[in-house]
Amino acid sequence: MKYLSPAEKQLFNIRVWEIVRRIPLGRVITYGKIAELIQPLPGMDPKEYLAWSPRWVGGAMASCPEDVPWQRVINSQGKISLRKGSGQSVQRQLLEDEGVQFDERERVDLRKYGWEGSDFKAS
DNA sequence: TCCTTGACTCAGA
DNA sequence: CTCTGAGCCAAGG
């Protein structure tokens, strides 16, 4: 079993924030997608990474810097993830201000607004 | 040190 | 489409 050192976890968070900063205005990405764009850490079991990295991304968002557009990160169902505070309504408002539309069930069409990270990989 | 909780995702029913 | 359970990490009290 490979456990992450504090330094590795910090590096993971930094990579997450770098990617989120690249998301274009009015586009969204999922936690899992961000995890895919980050190469698994050396020595880590790929299966294990696949299972837990999305949650680590969530953890990174829980304490992100001011300049990170956290509102553009949603879950794989196209919905805003629930959290402790009442930030969901704030997140939805911010996205609507960017032109992202929600359907009657509070969902975003990922085929329309989802960002695949192509701009990130290209640069 | 033990225990709880967490901004997730996927497969199966 | 909705609901459930498994996965078995990491931080904080």
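To find a chain, count down the sequence lines: A is the first, B the second, and so on, and within it residues start at 1. The figures that follow rest on heavy atoms only: side chains count, while hydrogens, waters and symmetry mates do not. As the structure is a computational prediction, the values presented were derived from the model and not from experiment.
To the nearest whole angstrom, the two C1' atoms, one in B/dT1 and one in C/dG13, are 12 Å apart.
Applying the side chain to side chain donor-acceptor pair (under 3.5 Å) rule to A/Asn13 yields no partners; only residues at least two apart in sequence or on another chain are considered. In this view, A/Glu18 satisfies the salt bridge (Lys or Arg N to Asp or Glu O under 4.0 Å) rule with no residue, not counting sequence neighbours. For A/Arg107, there are no side chain to side chain donor-acceptor pair (under 3.5 Å) partners, not counting sequence neighbours. Residues passing the side chain to side chain donor-acceptor pair (under 3.5 Å) test with A/Gln88, sequence neighbours excluded: none. Applying the ring-ring contact (aromatic ring centres under 6.0 Å, His included) criterion to A/Trp115, with sequence neighbours excluded, gives no partner residue. Judged as a side chain to side chain donor-acceptor pair (under 3.5 Å), and not counting sequence neighbours, the contacts of A/Gln93 are A/Asp97.
Within the 4.5 Å cutoff, the side chain of A/Phe12 has no heavy atoms near those of the A/Leu4 side chain.
The distance from atom CD of A/Glu8 to atom P of C/dC9 is 14 Å, rounded to the nearest whole Å.
If you check residues 49-57 of chain A against DNA chain B, the residues with a heavy atom closer than 4.0 Å are A/Pro54, A/Arg55, listed by number. The stretch residues 98-105 of chain A has no heavy atom under 4.0 Å from DNA chain B, so no residue of it qualifies as close. Heavy-atom distances under 4.0 Å link DNA chain B to A/Trp70, A/Asn75, A/Ser76 of residues 63-79 of chain A, given in residue order.
Contact annotation for A/Ile80: no contact, since no heavy-atom pair falls under 4.0 Å across all strands. Among the atoms of the strands shown, none is found under 4.0 Å from any heavy atom of A/Lys47.
Within a 6.0 Å radius of CD in A/Glu96, other residues, nucleotides and ligands contribute more than 12 heavy atoms.
Judged by distance alone, the side chain of A/Gln91 and the main-chain N or O of A/Ser81 form no donor-acceptor pair under 3.5 Å.
OP1 or OP2 of C/dC9 has not a single side-chain nitrogen or oxygen of A/Lys9 nearer than 4.0 Å.
Clustering of Ile, Leu, Val, Met, Phe, Trp and Tyr by side-chain heavy atoms under 4.5 Å joins A/Tyr113 with A/Val28, A/Ile74, A/Ile80, A/Leu95, A/Val100, A/Phe102, A/Val108, A/Leu110.
Note that OG of A/Ser5 and CD of A/Glu8 are 3.5 Å apart. Values are rounded to the nearest 0.5 Å.
In terms of hydrophobic clustering, with Ile, Leu, Val, Met, Phe, Trp and Tyr side chains grouped at heavy-atom distances under 4.5 Å, A/Trp56 and A/Leu11 are assigned to different clusters.
Nucleotides of DNA chain B that come within less than 4.0 Å of any heavy atom of chain A span, from the 5' end to the 3' end, B/dT5 to B/dC10.
Among pairs with a residue in residues 72-89 of chain A, those fulfilling salt bridge (charged side-chain N to carboxylate O under 4.0 Å, His left out) read A/Arg72-A/Glu98, at least two apart in sequence or across chains.
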